[in-house]
Amino acid sequence: MIKTRPTWDEYYIGVAIAVADRADCLRSAVGAVLVKDNRIMATGYNGAPPGAPGCLTAGACPRGRLTYEERPPGGTYGDCIAIHAERNALEEAGRRGTIGATLYVTRAPCGDCEAAIWFSGVVRIVYASPEGLIVLTAPEK
């Protein structure tokens with residue numbers, strides 16, 4: 001049996017999927033891994049701020065108490081208590097850890113997170129989709 005090694009992008013997406021298991025959102029589990037020079041700088045998953053009750057605490061999140069019919073996925077997140085996985089990873093790494101880095105995430109970032117990612121100095125976003133891995137590069141300045 002011949003073993004094939006995953007590409008670096010496949011490897012880090014696998015790590016992001018594992019990180020998503022820590023998410024405490026009832027509606028969606030997202031994981032993110034910030035990588036620079038082929039080293040993991042930080043990880044993040046969606047959930048309540050440290051010390052605050054999360055979605056898995058009965059009734060803590062107003063959005064999490066709604067059915068999908070009452071509040072389908074997408075749209076605004078004004079009533080969501082969770083910090084997105086991408087933001088958690090960016091904040092954990094700090095500015096020095098983000099410049100020139102790649103962010104791996106288990107799904108496409110929302111518009112707000114994508115703007116924060118590019119602003120932080122990240123140069124590449126890789127996310128999983130049903131069609132395979134999608135790679136975005138930083139917009140020209």
Side-chain angles (χ1 to χ4, degrees), residues 1-140:
M1 182 165 141
I2 298 174
K3 179 183 179 203
T4 59
R5 294 174 77 189
T7 67
W8 285 113
D9 286 346
E10 292 166 342
Y11 171 74
Y12 289 122
I13 282 293
V15 174
I17 290 168
V19 170
D21 284 342
R22 286 284 306 154
D24 71 350
C25 178
L26 295 171
R27 297 173 60 90
S28 179
V30 181
V33 178
L34 188 70
V35 176
K36 184 175 179 180
D37 299 326
N38 244 10
R39 299 288 178 252
I40 295 174
M41 304 300 292
T43 62
Y45 52 86
N46 56 320
C55 289
L56 298 180
T57 304
C61 180
R63 183 179 173 85
R65 291 191 301 259
L66 300 174
T67 67
Y68 279 91
E69 291 76 30
E70 294 170 320
R71 176 59 69 88
T76 62
Y77 294 94
D79 56 351
C80 179
I81 63 172
I83 298 170
H84 288 191
E86 303 92 330
R87 296 239 177 170
N88 273 327
L90 293 174
E91 290 175 19
E92 180 68 27
R95 181 84 172 143
R96 290 186 318 183
T98 60
I99 295 173
T102 296
L103 183 71
Y104 294 87
V105 64
T106 55
R107 70 173 191 203
C110 71
D112 287 346
C113 284
E114 186 173 339
I117 293 164
W118 298 137
F119 181 77
S120 74
V122 167
V123 296
R124 244 173 117 238
I125 301 170
V126 179
Y127 67 90
S129 80
E131 295 80 35
L133 297 183
I134 306 295
V135 178
L136 304 175
T137 55
E140 294 293 321

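The number of heavy-atom neighbours closer than 6.0 Å to CD of Glu114, taken from other residues, nucleotides and ligands shown, is above 12. Atom CG of Asp37 is surrounded by 12 or fewer heavy atoms from other residues, nucleotides or ligands within 6.0 Å.
Put simply, CD on Glu86 and CZ on Arg107 are 8.0 Å apart, with the number rounded to the nearest 0.5 Å. Between atom OG of residue Ser120 and atom CG of residue Leu103 there is a gap of 8.0 Å, rounded to the nearest 0.5 Å. Atom CZ of residue Arg39 and atom CG of residue Leu34 lie 14.5 Å apart, to the nearest 0.5 angstrom. Rounding to the nearest 0.5 angstrom, the gap separating the OH atom in Tyr104 from the CD1 atom in Ile17 is 13.0 Å. Taking CD1 of Ile13 as the start and OH of Tyr127 as the end, the distance is 10.5 Å to the nearest 0.5 Å. Interatomic distance, Thr106 OG1 to Asp21 CG, rounded to the nearest 0.5 Å: 10.0 Å.
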Chi angles and distances behind the side chain to side chain contact (heavy atoms under 4.5 Å, CB included) call for Val135, Ile125: CA-CA 6 Å; Val135 178; Ile125 301 170; over 6 Å; no

Intermediate values then yes/no, side chain to side chain contact (heavy atoms under 4.5 Å, CB included), Val33 and Val19: CA-CA 8 Å; Val33 178; Val19 170; 4.3 Å; yes

From CA spacing to verdict: side chain to side chain contact (heavy atoms under 4.5 Å, CB included), Ile40, Val15: CA-CA 10 Å; Ile40 295 174; Val15 174; 4.1 Å; yes

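Side-chain contact check for Arg22 and Thr43: no donor-acceptor pair (N or O, by modelled atom type) lies under 3.5 Å.
Here the side chains of Asn88 and Asn46 are not in contact, with every heavy-atom distance at 4.5 Å or above. Residues Trp118 and Leu136 are in side-chain contact: their nearest non-hydrogen atoms beyond the backbone lie under 4.5 Å apart. Counting only heavy atoms from C-beta outward, the side chains of Met41 and Val35 never approach each other to under 4.5 Å.
The aromatic rings of Trp8 and Tyr11 sit perpendicular to each other, their planes meeting at more than 60°, with 30° as the lower class boundary.
The minimum heavy-atom distance linking Ala23 with Ser28 is given by the pair CB-O, 4.5 Å. When all heavy atoms of Ala20 and Ala29 are compared, the pair lying nearest together is O-CB, 3.6 Å.
A distance-only check finds no donor-acceptor pair linking the side chain of Tyr45 to the backbone of Ala16 [under 3.5 Å]. Side chain of Thr137 to main chain of Arg124: no donor-acceptor pair is present (N/O by atom type, distance under 3.5 Å, no hydrogens or angles). With Lys36 contributing its side chain and Thr98 its backbone, the two residues share no donor-acceptor pair below 3.5 Å. Between the side chain of Arg87 and the backbone N or O of Ile117, no donor-acceptor pair lies under 3.5 Å.
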